[in-house]
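Down below is the structure, laid out as structure tokens.
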Amino acid sequence: MPKLKIDGVEYEFEAGMSVIQVCDAVGVEIPRFCYHEKLEIAGNCRMCLVEAKPGPPKPQASCALPAADGQEIFTTTDMVKKAREGVMEMLLINHPLDCPICDQGGECDLQDQAMFYGSGASRYTEHKRAVEDKYMGPLVKTQMTRCIHCTRCVRFAEDIAGVPEVGALYRGEHMQITTYLEQSMTSELSANVIDLCPVGALTSKPYAFVARPWELKKTETIDVMDAVGSNIRVDSRGEAILRVMPRLNEEINEEWIADKTRYAIDGLKNQRLDTPYVRRNGKLQAATWDEALGAIVTRMNGLAGNRMAALAGNLADVESMMALKDLMAELGSPNIDCRQDGAKLDASDRASYVFNSTIAGIEEADVVLLVGVNPRHEAPLINARLRKNYVRGGTQFFNIGQQLDLTFPVKEICNDPRMLNAIAAGEHEMAQIFSKAKKPAIIIGTAAVARDDGAAIMAACKAIADNCGVVKDGWNGFNFLHYAAGRVGGLDIGFVPQKNGKDISAMIEAIEQEEIELVYLLGVDEIDMRYFGGAFVIYQGHHGDIGAHRADVVLPGAAYTEKDAVYVNTEGRPQEAFRAVFPVGQAREDWKIIRALSEKLGHTLPYDTQSALRARILEVAPQLSTLDEIAPVKWKKSTKQPKAYKIKNDPFEKVILNYYMTDPISRASKTMAECTDVLLRQRNGKSAKEAA
């Protein structure tokens with residue numbers, strides 16, 4: 001490997017690295033404003049100056065300087081120090097002195113680097129320039145007088161988000177960063193520019209003037225707004241969740257998070273269930289825990305197990321589903337299901353319902369076929385990974401389903417699911433494209449399997465994987481993309497119909513025929529409640545959404561920020577979420593509610609602690625034994641011949657109609673409601689002011 005010296009110490013490095021990358025790798029600090037390891041190099045700020053030999057007798061920008069064998073780099077010479085002081089003085093010439101009221105205060109790169117690398121004095125006495133603030137939508141607050149023209153936001157919008165809607169106007173000192181036509185950014189990742197901005201030019205609009213960073217308690221946890229399992233940091237003060245920030249995890253979300261993850265948190269304080277309710281005389285009335293549990297016991301006593309059913313919602317954690325499954329087994333009910341959307345997923349075949357290539361591994365795919373999926377709305381961070389494939393070049397994308405706008409080119413094949421049989425039989429050019437690819441991949445969405453012929457569609461996709469080399473030695477490109485955070489965990493522990501049990505479709509039919517009289521809803525809000533007819537409905541959840549409105553008994557549970565719990569993301573990776581604040585009012589952790597109910601019913605579950613409950617989970621699902629790791633799965637080949645699957649010609653439909661409102665938390669969020677209003681108006685041709 002090539003070697004160079006940094007401040008007299010010799011280091012090895014990989015060919016192709018820049019000097020700043022080598023310095024970062026060996027722990028030598030280099031200041032920077034415009035450079036970011038995930039963005040294209042711009043070389044704007046000149047703060048990363050170093051002295052290099054051999055080379056010209058002047059400082060050079062280390063971000064744009066290739067590291068070379070035998071090179072000598074100096075980072076602390078008088079020349080370098082004086083150059084950095086000069087750069088810092090130039091950056092501060094027009095920067096306003098409003099640190100006490102700036103939301104970036106305490107987290108500002110400019111503050112920190114001015115302290116360490118600045119001269120401590122300014123020779124500039126002229127008036128500072130002022131720049132009019134720009135409109136960037138309901139999420140990003142602008143104070144463009146503070147902008148230092150690092151262009152990180154511009155490069156993020158173009159390279160990562162794929163929406164080239166941010167750019168620079170004018171030249172030199174008069175340069176201004178703005179969105180074109182001053183419209184809201186249309187990316188689901190737009191608010192990441194807040195984290196990228198090294199000064200207070202772009203800050204969080206909903207968080208403006210709310211708190212200082214040193215006032216906050218920081219809790220590292222997991223996001224549940226989609227099934228990616230983004231690593232996040234929840235900042236709270238007292239009982240209030242004030243903001244959500246991304247945590248670095250290169251295997252999952254890198255250092256980005258989706259806008260819904262960041263901003264739906266204000267929904268945690270609206271429409272919350274903080275006390276039990278019992279329906280009396282046709283109206284829900286507040287009750288004590290004893291009264292609520294007593295009403296359930298009274299209704300369940302004497303009721304045969306096969307006349308009960310339980311459903312788990314999209315945000316349910318593994319512990320609560322395990323407890324509910326065990327309770328229903330104790331009561332003799334085989335009617336349980338975690339697939340409230342009716343997805344035909346086989347819980348006995350893990351390889352068929354996880355993202356086998358892994359989220360990071362999808363970057364290696366050179367051909368990708370999308371089947372009934374819209375990754376931009378169902379998993380924005382996976383969509384960003386796919387865009388990275390396109391930007392690097394060489395990856396081809398094809399789609400069977402509704403026409404997509406994914407921020408990168410996709411060749412539309414058709415929206416006829418029967419085309420899958422033709423591909424599996426080798427009668428479509430897609431089969432040859434797959435066969436010639438080194439690492440082909442299929443990404444299947446819920447829209448493809450949440451229909452009557454969903455099992456046939458899944459089987460046809462598996463046949464394509466077998467016949468066209470999607471699954472082979474060293475590579476499994478068969479991927480199912482979930483949008484529900486609790487779905488994989490539910491399938492892993494077998495929260496599906498047991499022997500002679502009914503799935504969601506059969507349950508609805510049985511309720512209509514009065515064969516099922518009681519339904520237990522664990523956070524189920526994404527289904528038409530009219531299906532439950534005259535059944536006795538128990539709703540356990542954290543928001544007064546449609547499930548609670550329909551219920552006969554309401555049990556207030558804890559939201560994801562209010563409990564320690566395990567979630568399994570779409571690639572089958574179990575991760576632990578940690579409590580940031582305590583549940584509101586009389587709400588309790590979900591598994592504890594079910595445990596207390598089991599005792600009242602005389603079927604006490606055999607665990608009193610969460611550790612004992614997790615031991616029970618590992619008995620059922622040993623693949624969840626190691627947190628943050630993906631257990632290997634065995635691929636089961638398809639058994640039928642191509643064209644043996646009876647697939648209807650009904651086109652695939654969208655499963656997410658409004659990205660900003662997909663669950664009880666986001667539907668209760670005023671920020672998400674504003675995003676819905678502004679972006680829908682903007683898409684309908686309204687001006688920025690009208691949209692705002």
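Excluded from the calculations below are hydrogen atoms, water molecules and symmetry mates; all remaining heavy atoms, backbone and side chain alike, are included. For the single chain, residues carry numbers from 1 onward in sequence order.
D317 contributes no side-chain N or O that, together with a main-chain N or O of G486, makes up a donor-acceptor pair within less than 3.5 Å.
For the pair E51 and K58, the salt-bridge criterion is not met [side-chain N within less than 4.0 Å of a carboxylate O]. We find that K38 and E250 are joined by a salt bridge, their nearest charged nitrogen and carboxylate oxygen being less than 4.0 Å apart. Using a cutoff of 4.0 Å between basic side-chain nitrogens and carboxylate oxygens, R123 and E89 are scored as salt-bridged.
Atom SG of C63 and atom NE2 of H36 lie 13.5 Å apart (nearest 0.5 Å).
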Pair R146-D98, salt bridge (charged side-chain N to carboxylate O under 4.0 Å, His left out): steps then yes or no: CA-CA 9 Å; R146 301 171 184 158; D98 59 356; 3.0 Å; yes
Salt bridge (charged side-chain N to carboxylate O under 4.0 Å, His left out) assessment of K205 paired with E674: CA-CA 12 Å; K205 189 173 285 187; E674 187 176 357; over 6 Å; no
Q271 vs I665, side chain to side chain contact (heavy atoms under 4.5 Å, CB included): CA-CA, chis, key distance, verdict: CA-CA 9 Å; Q271 296 179 226; I665 299 174; over 6 Å; no
Audit row: I232, R247, side chain to side chain contact (heavy atoms under 4.5 Å, CB included) steps and yes/no: CA-CA 5 Å; I232 58 174; R247 280 193 296 132; 5.6 Å; no
Salt bridge (charged side-chain N to carboxylate O under 4.0 Å, His left out) assessment of K670 paired with D266: CA-CA 7 Å; K670 293 182 180 179; D266 65 324; over 6 Å; no
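With N231 as the fixed residue, the side chain to side chain donor-acceptor pair (under 3.5 Å) test singles out one of D628, T221, N249: N249.
In this structure, K3 is not positioned above the aromatic face of Y11 in the sense of NZ or CZ being under 6.0 Å from the six-membered ring centre and within 45° of the axis.
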